Asks: 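Encoded as C-alpha cells, here's the structure I'll be asking about.
None of the values given here were measured: they were computed from a predicted structure. Below, all heavy atoms of this structure are taken into account, side chains as well, without hydrogens, waters or symmetry copies. Numbers restart at 1 for each chain; the letters A, B, ... are given by sequence-line order, proteins then strands.
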Amino acid sequence: MGADQVREVVIKVEGLTAAFDDRTILENVSFEVYKGEVFGILGGSGSGKTVLVRHIIGLYEPAAGRVFIEGQEVAAAQGDARLALLRRLGVMYQLGALFGSMTLLENVSLPLEEYTELPAEAIELVARLKLKLVGLEGFEHLMPSELSGGMQKRAAIARAMALDPAILFLDEPSSGLDPVTAADFDQTVLRLAQTLGITVVVVTHDLASTFTICDRVIMLHKQKKGIIAEGDPHELREKSDNPLVRHFFNREPEAETA
Amino acid sequence: MAQLTFTAPDAATAILALAGRLDAASLGPIWGEARRALTRNPDRSIVVDCTRVDYCDGAGIALLVELLRAERAPEAAVRVEGLREGFQRLLDQYDPAEFRAPPPRREVAGSFIERLGRAGRSLWLGIYELITFIGEGMTAVVAALRHPRSVRWRDAILVAEEAGVNALPIVALIGFLMGVILAFQSAIAMRQFGAEIYVADLVGLAMTRELGPLMTAILLAGRSGAAFAAEIGTMKVNDEVNALATMGLDPVRFLVVPRVLAAVAMTPLLSIFAVLIGLVGGAAVMQLFEIPLYTYYSEVVNRVQLNDLMGGLFKSVVFGVLVAGIGCLRGLQTRTGAAAVGLSATSAVVTGIVLIVAVDGIFAVIFYYLDI
Ligand SMILES: Nc1ncnc2c1ncn2[C@@H]1O[C@H](COP(=O)(O)OP(=O)(O)OP(=O)(O)O)[C@@H](O)[C@H]1O
Ligand SMILES: [Mg+2]
C-alpha cells in the first residue's frame, strides 16, 4: 500500500494509562493501527505488552484515556454493541487458554457453532482446515493436555482464527515454536493480512519474525512506562538514535549503554 | 451475501457458479445446496466458477475444499476456476484429498471381554493406589510425629482455621437442628407414656455416640474434603505437584500431612461442639414440654457416661483421617484439565461419605461386642 494513501484507522489508542491499584504500568500511550497491516508490539519482559493488548480488547478498563476499535469506544460499548465488537476480534492468549475439557476440534469449532449458521459438517471442515494451517492435522481428537506446549500454542492460534476475524490479536505466537513452524506461521499471517485485509496486532520477542511480518511496530519500555519507538522495524534498527531501541534490535545486553 | 447458480449445458458438464461474499456468516444456506449439486451429478465434470466472488474467507475456502475433496471418476472431476489470485493462494495451502477421511480417533475398547478386563484392571489399580497412598500417608505421618519440626505447621494452622473455625456456624446450625428434631419427635411419642424426661437420655446418647460425630464428618467431607481435592487437583493440573517432586519435596509430606493433621485435630472439637449445641436444641424443646432445665441437665449427665463420649470422639478422629485422606488422594489422582478438578472434588465427597457410613457401621458392631 502506498504511504501517500489515506489509510483507514482500525485501532486508535488515545492517552491510555494502565494501572493496577496504585502501580502504573503504562502512562499516556497513544498510537494508531491501520487496516490490513501487521502491527508489532515489542518490549522487554514485563514492559506491559500483554496489559496493553488486554486494554485494547476491553478486558481491563483504562485508568485514563480511551481506546477505539473501528471508531467505537471499547470501554463504552455495552450489550449488543459490545458483542458485535467482540465478534470482529480474534484473540490468542499468551498461555493458550484452550478449554481443557474439549478436544482441539471442539475448541476451534466452538466460536463457529456459536456465531454462524453453518451445518455441522461445514463447521468440522472449517475447523480442520484451521488446524491444518498450524500443522495440527491428525491431532483433532486429542485433548489440549495431551499436547506439547508449542502444539497448544498453535491450537490456540487456530482457535483465534476460526471466524477469520477482522482484527487478530496474537500474544507471543512464535514463542515455543520451532524455527520452521514459526517461519511457516509468519507466512500464514502475511497471507491472511494481504488477501483478506485482516489487521494483525502481534506481541512478539522474535526479532526474525518481527522483520518478516511487521509493517510497523511500537516498542514499550518498563522504566519509561510507555512507547520509546514507533515505526518500520527495519528503519528503527538502522536509524534509531535511542540506544535502548538499538540494543533490542541488535540483541545486545542493556548494561553496555552506561 | 453468497449466491449459487447451477447450470448444466450438456450431459457431460455442469457449471456451479458462486458469487458475492463467501464468508462464515453467509455460507450457511448455500453449503448444503452446493454439496447436493455435486452428489446429484456424479457423472458430469463440474466447473466451480468463482469469477464473481468478491471475498472469500476461511469458511469460503472450506466450501471449495468440500467441493474438491469428494471422490469422483476422472471424467467427472471438479475444478475451481476464476478465483482471484489472493484467494487462490489461500486455497492452494490445502490438498483437498487429505480431508477425505475423517480425522483419526482414539480406539475405544471393543468387545465385552475387553471392556470387562479394562474395568477390572482400573478397579485393581484404584485399590492399589489406595493401598500405596495409605502406606505413604502413614509413613509420612509417623515421620512427622517423630520429627515434628519437619511438618509445615503454618500450612496446618491455616487449614485448621479454614476446616475448623470457619465451619463452626454451619456445624452449629445443623447440630441445633438435629437436637430440636430429635427431641421434638421423640417427645411427642413419649408424652403418651408420660415419659418425656427420657427425651434427655435419647438426645444425649444419640448425639454423643452417633449423630454428633457422623454429622460433623459429613459436613467436613462436603466442605473440606472437596476443598482439599480441588486445591491439590488444581496444583496437579498446573504441574505444581510435579514441581514439588522435582525440588525433592515429597508431595505427601508437603500437602497431605498438614491437611490430615489439621483435620484430625479439628474433627473431635467440632464434634463436641455439635453435641453441645444439639443438647441446647434438645433443652429448648424440653421447655415446651415443661421439663425444667435442671432436670434435663442432671438426666443427661447421669445417663451419658465418659466412655460414650470417648467412643464418639474416637470415631471423630477416624472420620477426620478418612475425609482428609480421601480429599488429598482424589486431589493427587486428578488427571488433566479443568473438568478433572471438578470430578476429583465430587469423588472426594462421595467416597468420603460412603467411607464414613461404612466405618460407622463397623464401629457399631465393635462397640456392641465390646459393650461400650
Ligand atoms: N492482573 C494484574 N494485576 C497486577 N499487575 C499486573 C497484572 N497483569 C500484569 N501486571 C503487571 O504489569 C506489568 C506488565 O505485565 P505484562 O504482562 O503486560 O508484561 P509483558 O510485557 O506482556 O511481559 P512478557 O513478555 O513477559 O509477557 C508487570 O509488572 C506485571 O506485574
Ligand atoms: Mg505478556
Asks: At a 4.5 Å cut-off on heavy atoms, which part of B:A34 comes close to chain A: side chain, backbone, both, or neither?
Replies: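 B:A34 has no heavy atom closer than 4.5 Å to chain A.
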
Asks: What's the shortest heavy-atom distance between B:Q93 and A:K132, and which atoms?
Replies: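 Heavy-atom minimum between the residues: O-CE, 4.3 Å.
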
Asks: So for atom CG, which belongs to A:D178, do other residues, nucleotides or ligands contribute more than 12 heavy atoms lying within a distance under 6.0 Å?
Replies: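 Result for CG/A:D178: enclosed.
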
Asks: If you take all heavy atoms of A:P119 and B:G28, which pair is closest and at what distance?
Replies: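 In this case the closest contact between A:P119 and B:G28 is CD-O, 4.1 Å.
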
Asks: With a sphere of 6.0 Å drawn around CD of A:E121, does it hold more than 12 non-hydrogen atoms of other residues, nucleotides or ligands?
Replies: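 Correct, the count exceeds 12.
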
Asks: Can you give me the closest heavy-atom contact between B:I61 and A:L129, atom names plus distance?
Replies: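 Looking at all heavy atoms of both residues, the shortest contact is C-CD1, 4.3 Å.
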
Asks: For B:R100, I'd like to know if atom CZ has over 12 heavy atoms of other residues, nucleotides or ligands within 6.0 Å.
Replies: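 Counting neighbours around CZ of B:R100, more than 12 heavy atoms of other residues, nucleotides or ligands fall under 6.0 Å, so yes.
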
Asks: Can you confirm whether A:R88 is buried at CZ, in the sense that more than 12 heavy atoms of other residues, nucleotides or ligands lie under 6.0 Å from that atom?
Replies: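 It does not: A:R88 CZ has 12 such atoms or fewer within range.
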
Asks: Can you tell me which of B:L90, B:L27, B:V237, B:D23 forms the most heavy-atom pairs within a distance under 4.5 Å of chain A?
Replies: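 Of the options given, most contacts go to B:L90.
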
Asks: If you tally heavy-atom pairs under 4.5 Å against chain A, which of B:A340, B:P104, B:S26 wins?
Replies: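 Option with the top pair count is B:P104.
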
Asks: At their closest point, which heavy atom of B:Y94 faces which heavy atom of A:L133, and how far apart are they?
Replies: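 B:Y94 and A:L133 have their closest heavy atoms at OH-CD1, 3.2 Å.
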
Asks: Any idea which heavy atoms bring B:A25 and A:R87 closest together, and the distance?
Replies: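 Minimum heavy-atom separation between B:A25 and A:R87: CB-NH2, 4.2 Å.
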
Asks: Can you tell me which portion of B:R69 sits under 4.5 Å from chain A's heavy atoms? Options are side chain, backbone, both or neither.
Replies: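 Contact with chain A is through the side chain of B:R69 alone.
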
Asks: Is it the side chain or the backbone of B:P102 that comes within 4.5 Å of chain A heavy atoms, both, or neither?
Replies: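 For B:P102, the contact with chain A is made by the backbone alone.
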
Asks: Please flag which part of B:R35 lies under 4.5 Å from any non-hydrogen atom of chain A: side chain, backbone, both or neither.
Replies: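 For B:R35, the contact with chain A is made by the side chain alone.
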
Asks: How many angstroms lie between CZ in B:F99 and CD in A:E124, if you round to the nearest 0.5 Å?
Replies: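 Those atoms lie 11.0 Å apart.
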
Asks: What part of B:E85 is in contact with chain A, defined as an atom under 4.5 angstrom from a non-hydrogen atom: side chain, backbone, both or neither?
Replies: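 For B:E85, there is no contact with chain A at all, as no heavy atom is under 4.5 Å.
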
Asks: Using only atom types and a distance under 3.5 Å, with no angle test, would you say the side chain of A:D164 pairs donor to acceptor with the backbone of B:G58?
Replies: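 Side chain of A:D164 to backbone of B:G58: a pair is present.
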
Asks: Please report the closest heavy-atom contact between B:A59 and A:L118, naming both atoms and the distance.
Replies: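 Closest heavy-atom pair between B:A59 and A:L118: CB-CD1, 4.4 Å.
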
Asks: Measure B:Y55 against the heavy atoms of chain A and call it side chain, backbone, both or neither at under 4.5 Å.
Replies: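 Side chain only.
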
Asks: Is the number of heavy atoms from other residues, nucleotides or ligands within 6.0 Å of CZ (A:F20) greater than 12?
Replies: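 Counting neighbours around CZ of A:F20, more than 12 heavy atoms of other residues, nucleotides or ligands fall under 6.0 Å, so yes.
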
Asks: Taking every heavy-atom pair that is under 4.5 Å apart, which of A:T116, A:L125, A:V126 has the most such pairs with chain B?
Replies: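 Heavy-atom pairs under 4.5 Å are most numerous for A:L125.
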
Asks: Answer whether the closest heavy-atom distance between the side chains of A:H141 and B:P103 falls below 4.5 Å.
Replies: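 Result yes, sub-4.5 Å side-chain heavy-atom pair found.
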
Asks: Give the member of B:A339, B:C56, B:A24 that has the highest number of heavy-atom pairs under 4.5 Å with chain A.
Replies: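 So the answer, after comparing B:A339, B:C56, B:A24, is B:A24.
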
